[in-house]
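Right, one structure below, let's go through it.
One is the number of the first residue; the rest follow in order along the sequence.
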Amino acid sequence: MGVFSSILNSLSDTRRQSQNNEALKHSKSYSDLLDIYVKSVMDNTALKKWFKILFFIITMGSLIAIVIFFGLSLKYATSVFLKFEDPNIISVDTVLSVITVLFPSFVSVIVAFIKIPEIIAKYLFNIQEDKYMNSVIKNIQNYDKNMFALGQKAEIVANINRTEMEQDDIVETSPRESTAN
C-alpha cells in the first residue's frame, strides 16, 4: 500500500503544481493587464489635465469677451445719447436702436455669469470620474483579497491532504509487515 500512497502523493503534488502554475500564469496576466490599465489611466489623467486647462482658458476668454462686448455696447449707447445736446429731442427711434443693442448684450452677460461657471464646474470637476476610479480600485482590491484567500485555502487543503496521506502510510503498515522487513 505504500506504493499506492506514494503514487497518490505524486499525482497530488503534480496537480497542485499544475494549479499553482495556472494561478501564477493567471496572476501574471492580471498584473500585466493592471499595468496597462494604470499606464492608460495615467496618460488619460495627464491629457485631461491639459484639456481642462485649455477648456478653462477658452471659457474664461468667452466670459471676458462677453463682458467686453457689453462694455462696448454701453459705450455705443452713451455715445448715441451724447450726440443730442437737448435730451428732449431724443426720438423714439433712437431709444429703440439703443435698446436693441443693449438688451441682447445685457442678457448675454447675465447668461454668461450664470451658465459659464456651471459649465466649468460640470466638466472640470466631474464627480462620476472619481466614482468610476474608486469602483475600479475597489474591484482590484477585492480581486487581490480573493486571490490571497484562495491561495491560503489551497495551501490548507494541500497540508490536510499531505497529513492524511502520511497518516494513511502509518496505518497501512501493519506490525507484521514491519517485523518482516
Salt bridge (Lys or Arg N to Asp or Glu O under 4.0 Å) involving Lys138 - partner list, sequence neighbours excluded:
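Residues passing salt bridge (Lys or Arg N to Asp or Glu O under 4.0 Å) with Lys138: none at all.
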Are [Y] and [X] connected in a single hydrophobic cluster, I mean Ile/Leu/Val/Met/Phe/Trp/Tyr linked by side-chain heavy atoms less than 4.5 Å apart?
X	Y	value
Val101	Leu72	no
Val98	Val95	yes
Leu47	Leu54	no
Ile114	Met60	yes
Phe106	Leu74	yes

Taking atom [atom1] of [X] and atom [atom2] of [Y], what is their separation to the nearest 0.5 Å?
X	Y	atom1	atom2	answer
Ser40	Leu33	OG	CG	10.5 Å
Ile53	Ile58	CD1	CD1	12.0 Å
Ile66	Phe113	CD1	CZ	8.5 Å
Ser105	Tyr76	OG	OH	12.5 Å
Lys83	Thr78	NZ	OG1	11.0 Å
Thr45	Lys52	OG1	NZ	8.5 Å

Looking at every non-hydrogen atom in both residues, tell me the closest pair between Leu102 and Ala77 and how far apart they are.
CD1-CB, 3.7 Å
Under a 4.0 Å N-O cut-off, is there an ion pair linking Lys39 with Asp35?
no
Is it true that the side chains of Thr94 and Ser91 contain a donor and an acceptor less than 3.5 Å apart?
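Indeed, the side chains of Thr94 and Ser91 share at least one donor-acceptor pair under 3.5 Å.
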If you draw a 6.0 Å radius around CZ in Phe69, do more than 12 non-hydrogen atoms from other residues or ligands fall strictly inside?
no
